[in-house]
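Written out below as structure tokens is the structure these notes cover.
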There are 2 protein chains.
Amino acid sequence: MAKVLPEHARRHNRALVLQTLLRTEGLSRADLARETGLTRATVSDLVGELIGERFVRELGQREDSRPGKPATLLEIDRGGHQIVGLDLSGHDLLRGAVLDLDGSILAREQLPLEGSTGEEALAKVTLLAERTLARTTAPVLGVGVGSPGVVNLEGTVQTAPNLGWTRVPLQDLLAQRLGVPVIVSNDANAAALAEHGFGQAEGDLMLIKIGNGVGSGLIVSGALVHGRRFAAGEIGQVMVGTDGGLDVEYDRGKTVESWLSVPSLTGRLETAGALRDDVLRRAGQRLGVALAPVVGALNLGEVVLSGPEELLDGVLAEAALETIRRRTMTDSSGDLLLRMTTLGDDIVLLGAAVLVLSGRLGVS
Amino acid sequence: MAKVLPEHARRHNRALVLQTLLRTEGLSRADLARETGLTRATVSDLVGELIGERFVRELGQREDSRPGKPATLLEIDRGGHQIVGLDLSGHDLLRGAVLDLDGSILAREQLPLEGSTGEEALAKVTLLAERTLARTTAPVLGVGVGSPGVVNLEGTVQTAPNLGWTRVPLQDLLAQRLGVPVIVSNDANAAALAEHGFGQAEGDLMLIKIGNGVGSGLIVSGALVHGRRFAAGEIGQVMVGTDGGLDVEYDRGKTVESWLSVPSLTGRLETAGALRDDVLRRAGQRLGVALAPVVGALNLGEVVLSGPEELLDGVLAEAALETIRRRTMTDSSGDLLLRMTTLGDDIVLLGAAVLVLSGRLGVS
DNA sequence: TCACGTTTGTTAGTATCCTTTACAAACAAC
DNA sequence: GTTGTTTGTAAAGGATACTAACAAACGTGA
């Protein structure tokens, strides 16, 4: 809880106008006023400011024939600003992209990690950021980064085993180096933001990102859940099932990750032969067992999967959904939605863009 | 997301001042200014308003000897307003209380339910509310109600099996009948708010309320999680463990509630004899198995138990904590706190008061 | 003892923000 | 053409918090 000044209210209302315009195209100032509850005068003022800063532009007059003065339609000025997104979660490939304010990808860059860790990996990330930044053709709103590992609110990567990072203040380092605002967050959290901002998700949402490991991002009341140590979403390390009884010690072989990570899944599928569907169903069931208490406790409406479609979409997802339904009260999970993301492999890049949109414009 | 007007900012800052004063006693206007970041002038204005409304009062001058004009100390005006809290979650006893703004209980009322349901139960709740309201000796800020079952944001009890209620607009009915503001919420949610507002909890928190059933309330980022159908916290109906394999259908005998509800626990303890601790340990372990994914996904810092101390405190709680730790990555649960509430049996009454404080003053 | 610095709380003036009210422009319908 | 409607802007007003300045009240130290 912090004090609120007039300028904060202004920023909030500005974001409200922008967000409304992001969701619905082809609105006039008067439409925006009706939609937001602000008066036409205020909207006019805010829109004027936004046009001046090249976040909004006039599109011309409305075509349809109605009485009264014709409305001047507005739209997000896609060309006015660009965003750089980085996805550091690939197994061996660092990915970068230039995006516009709508989340359209305008250019791509990539850099193989080739096993680099520590300072070396950091240098490659910086290089990729610089190369991607060089491809921008409009003022850059900011650089968003989705990194594996635990990332705190200041954008310091506290631990990222794959990259060999411990307490790396990536956000500060990049900001200093690049001279533009930088926002760093966890990759699965970024993905969840992408699904919230650019996907069809409505309301609370959990995104499960299945790759080398298994991570997740949770959105509650429109905002990311960070957790006490910024480690929210680290569901991969949780043991699932009580096959060995209740007294067993922690066993890395019985965690969500050991059942569902891509290396583990593909490994078991290679030797499965005709039992392929069995392997996938069992994996989906394990995921369902792990998620059921979360779905129940949060009364989650939507769980979204991100990862290789050929593995997740179909038997696995169906088994997970059915298991969750079977293990929770029907009333609370009857209308639960569990589906693949519609954002594909670019979900973290899009999430990185949402990080910037959210951080710089208050829009999500 | 809604528009923000100057008056909203005002209300927010007013709540900020009040909350600061609730947490720390013996502050002057200048202290409040330093604490909140507002200027002395603004704080003076807000405090003047709050004194006028009898939410704050001047306590006299600060005693200690310092240079400068002596400070006028302020405190919450406990006697200025009172709150009525109702707890409908008892097995057969409806409980009411008059509380002051600090959460001190000034008077109690109660009414046996005697198996009433439906309209009859509703009449008894109304009667209890009227009787408790009659015991107040200062202006009433509002009536808070913690009800079992699923309660939506409008205070309509959508389903409450024990009371035989379906879609009962309790909040509206009581408000109309009593002529004061009424806020109705789920009992476990109210308890979680109490722990957040009056307990020692810091940050995110899950409260497990064990009674006839097992419910829970979740506080994330300082606010209650409601869930898609306002059924968040209904963890009692979730199945726990995979003893029967992954393909089993929903089985009421394997839910959290069947392991941990008071009737179930006492029943098994009666026949346990010397194996009493085994029963409690097993129950705690089951709770731990159910909570581990939630703790992992949210990186929860604190889990609080509410219910009969003689059952929960000790073996059961310890087993639950150890099981959660064993089943989640150590990093994320290493500093997890699992403890009994310090608020005792009045936790729902206190939570009802927090509902009112929060709803009417923006304070929590 | 008395000037000086410090702290508190208030007052006056200013800037910001949104609203209300009024109005011109532009169009459809009759 | 007249009327009514809708849009967008402009001017005035009210609310809010800030800055600057000040009086009151107290310690400190010469």
Side-chain angles (χ1 to χ4, degrees), chain A residues 1-18 20-21 24 26-53 56-75 362, chain B residues 1-18 20-21 24 26-53 56-75 362:
Chain A
M1 206 167 180
K3 65 173 174 177
V4 168
L5 274 59
E7 69 210 65
H8 298 142
R10 176 81 169 182
R11 203 156 49 202
H12 178 98
N13 289 333
R14 213 178 86 120
L16 175 60
V17 165
L18 212 45
T20 308
L21 213 44
T24 318
L27 293 177
S28 67
R29 290 170 175 82
D31 293 332
L32 279 170
R34 278 184 290 267
E35 193 76 20
T36 59
L38 296 163
T39 59
R40 290 204 306 275
T42 303
V43 168
S44 232
D45 193 29
L46 289 168
V47 165
E49 187 179 306
L50 288 168
I51 288 179
E53 298 173 23
V56 170
R57 65 191 199 92
E58 294 191 336
L59 193 58
Q61 294 196 341
R62 177 173 277 148
E63 291 296 324
D64 56 346
S65 143
R66 292 194 298 188
K69 177 177 172 178
T72 310
L73 298 184
L74 303 169
E75 66 167 9
Chain B
M1 206 167 180
K3 67 173 173 176
V4 168
L5 276 62
E7 68 208 67
H8 298 142
R10 176 80 169 185
R11 202 155 51 202
H12 178 97
N13 289 334
R14 213 179 85 119
L16 176 60
V17 165
L18 211 45
T20 308
L21 213 44
T24 319
L27 294 177
S28 67
R29 290 168 174 82
D31 293 332
L32 279 171
R34 278 184 290 267
E35 192 76 21
T36 60
L38 297 163
T39 59
R40 292 202 306 273
T42 302
V43 168
S44 233
D45 193 28
L46 288 168
V47 165
E49 188 180 307
L50 288 167
I51 288 179
E53 297 173 23
V56 169
R57 65 190 200 93
E58 293 191 336
L59 193 58
Q61 294 198 340
R62 177 173 277 149
E63 291 295 324
D64 55 348
S65 141
R66 292 194 298 186
K69 177 178 171 178
T72 310
L73 298 184
L74 303 169
E75 66 167 8

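A, B, ... follow the sequence lines: proteins, then strands. Residue 1 opens every chain.
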- Can you tell me the distance, in whole Å, between the CG atom of A:L5 and the P atom of D:dT16? 13 Å

Give every pair of a protein N or O atom and an N or O atom of nucleotides 19-24 of chain D that lie under 3.5 Å apart, one pair per line with the distance.
none

- Test item: B:I51 and B:V56 side chains (from C-beta on) under 4.5 Å apart, heavy atoms: yes

- Message: With a 4.0 Å limit, can you tell me whether A:N13 has a side-chain N or O closer than that to the phosphate oxygens OP1/OP2 of C:dC17?
- Response: no

- Given D:dA15, is OP1 or OP2 found less than 4.0 Å from the side-chain N or O atoms of B:R10? no

- In whole angstrom, what separates A:E49's CD from C:dT16's C1'? 12 Å

- Query: Does OP1 or OP2 of C:dC17 have a side-chain N or O of B:K3 closer than 4.0 Å?
  - Reply: no

- Message: Please check: side-chain N/O of A:K3 versus main-chain N/O of B:G37, any donor-acceptor pairing under 3.5 Å?
- Response: yes

- Message: By nearest heavy atom, map A:D31 and B:L38 onto DNA chain D; which one lands nearer the 5' end?
- Response: A:D31

- Item | Side-chain donor/acceptor of B:T20 to backbone N/O of B:L16, under 3.5 Å | yes

- Length of the line joining B:R11:CZ and D:dA15:P, which is rounded to integer Å: 15 Å

- Closest of C:dG5, D:dT7, D:dG8 to the B:P67 side chain is C:dG5

- Message: Can you measure B:L27 atom CG to C:dT8 atom P for me and round it to whole angstrom units?
- Response: 12 Å

- Message: Just to verify, what does B:D31 make a salt bridge (charged side-chain N to carboxylate O under 4.0 Å, His left out) with, not counting sequence neighbours?
- Response: B:R34, B:R62

- B:P70 has a side chain; which of C:dC27, C:dC18, D:dC26 sits nearest to it? D:dC26

- Item | 5'-most by nearest nucleotide on DNA chain C - B:A71 or A:A9 | B:A71

- Item | Given DNA chain C, 5'-ward residue of the pair A:Q61 and A:L46, judged by closest heavy atom | A:L46

- Would you kindly give the CG-to-C1' distance between B:L74 and C:dG9, to the nearest whole Å? 11 Å

- CD of A:Q61 to CG of A:L73, rounded to nearest 0.5 Å, is 8.5 Å

- Note on the structure: Taken to the nearest whole Å, CG/A:L73 to C1'/D:dG8 is 13 Å

- Query: Between A:H8 (NE2) and D:dT16 (P), how many Å, whole number?
  - Reply: 17 Å

- Here the distance between atom C1' of D:dA17 and atom CG of B:D45, to the nearest Å, is 9 Å

- Where the side chain of B:H12 meets the backbone of A:A2, is there a donor-acceptor pair that is under 3.5 Å apart? yes

- Salt bridge present between A:R14 and A:D45 (N-O < 4.0 angstrom): no

- Message: D:dT7, OP1 or OP2 - any side-chain N/O from A:R34 closer than 4.0 Å?
- Response: yes

